[in-house]
Amino acid sequence: MVAKEYEQIALKANVVEGAKMQGVCLVQLKELTFKKKNEFDPISEWVNYRSVSLLEQYSPCEVLIMLEVANDMIRDEKQ
């Protein structure tokens, strides 16, 4: 709706697609952070804490990749 109103300065399709991808990554970050919803999970708490500071420096998709790797490594180490 906004793009139609401001066609002359609207974002290009590839930029819009990139923004959509970043939004999907934000949702996945939330899913990763709250894996165990009914019990305290220190790893999820750590992921949540780290994601906030990392999002100040990196894109949501970059942060998601970093935290997925870290999460897997920590959980594997605990087993």
Side-chain angles (χ1 to χ4, degrees):
M1 186 170 91
V2 174
K4 286 181 183 175
E5 188 173 334
Y6 298 96
E7 286 182 45
Q8 67 280 9
I9 57 172
L11 299 174
K12 303 290 183 218
N14 63 331
V15 175
V16 171
E17 287 302 308
K20 287 179 181 180
M21 181 182 73
Q22 297 300 331
V24 171
C25 288
L26 282 172
V27 170
Q28 293 301 314
L29 272 171
K30 183 178 178 187
E31 291 292 321
L32 182 66
T33 302
F34 297 106
K35 272 191 166 186
K36 296 181 179 179
K37 293 175 177 60
N38 297 324
E39 60 185 82
F40 176 74
D41 180 12
I43 297 170
S44 290
E45 289 293 319
W46 178 85
V47 167
N48 185 37
Y49 173 76
R50 295 305 311 151
S51 67
V52 173
S53 60
L54 288 170
L55 283 168
E56 292 176 1
Q57 302 172 53
Y58 302 99
S59 73
C61 290
E62 290 172 311
V63 173
L64 177 61
I65 292 166
M66 288 181 223
L67 292 179
E68 282 179 331
V69 169
N71 185 37
D72 289 345
M73 290 179 72
I74 291 169
R75 290 191 190 281
D76 287 347
E77 193 175 281
K78 287 199 165 259
Q79 292 178 358

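Just so it is clear, the structure is predicted and the values come from calculations on it, not from any experiment. We number each residue from 1, following the sequence as shown.
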Euclidean distance, Ser59 OG relative to Leu64 CG, rounded to 0.5 Å: 9.5 Å
If you link I, L, V, M, F, W and Y whenever their side-chain heavy atoms are under 4.5 Å apart, who else ends up in the same group as Val15? Leu11, Val16
Sequence neighbours excluded, the answer for side chain to side chain contact (heavy atoms under 4.5 Å, CB included) partners of Leu55 is Leu26, Leu29, Pro60, Val63
If I take atom OG from residue Ser51 and atom CD from residue Glu56, how far apart are they, to the nearest 0.5 angstrom? 10.5 Å
In terms of hydrophobic clusters joined by side-chain contacts under 4.5 Å, are Leu67 and Met21 together? no
Co-members of Val69 in a cluster of I, L, V, M, F, W and Y side chains, linked at under 4.5 Å: Met73
Keeping to residues at least two apart or across chains, list the salt bridge (Lys or Arg N to Asp or Glu O under 4.0 Å) pairs with something in residues 58-70. none
Val2: which other cluster members, linking ILVMFWY side chains closer than 4.5 Å, directly or transitively? Tyr6, Ile9
When rounded to the nearest 0.5 Å, the distance separating SG of Cys61 from CE of Met66 is 11.0 Å
What is the distance from atom OH of Tyr58 to atom OG of Ser53, rounded to the nearest 0.5 Å? 10.0 Å
Is there any salt bridge (Lys or Arg N to Asp or Glu O under 4.0 Å) pair reaching into residues 19-28, and which pairs are they, with sequence neighbours excluded? Glu17-Lys20
Excluding Val52, membership of its hydrophobic cluster (Ile, Leu, Val, Met, Phe, Trp, Tyr; side-chain heavy atoms within less than 4.5 Å) reads none
To the nearest 0.5 angstrom, please state how far the CG atom of Leu32 sits from the CG atom of Asn71. 4.5 Å
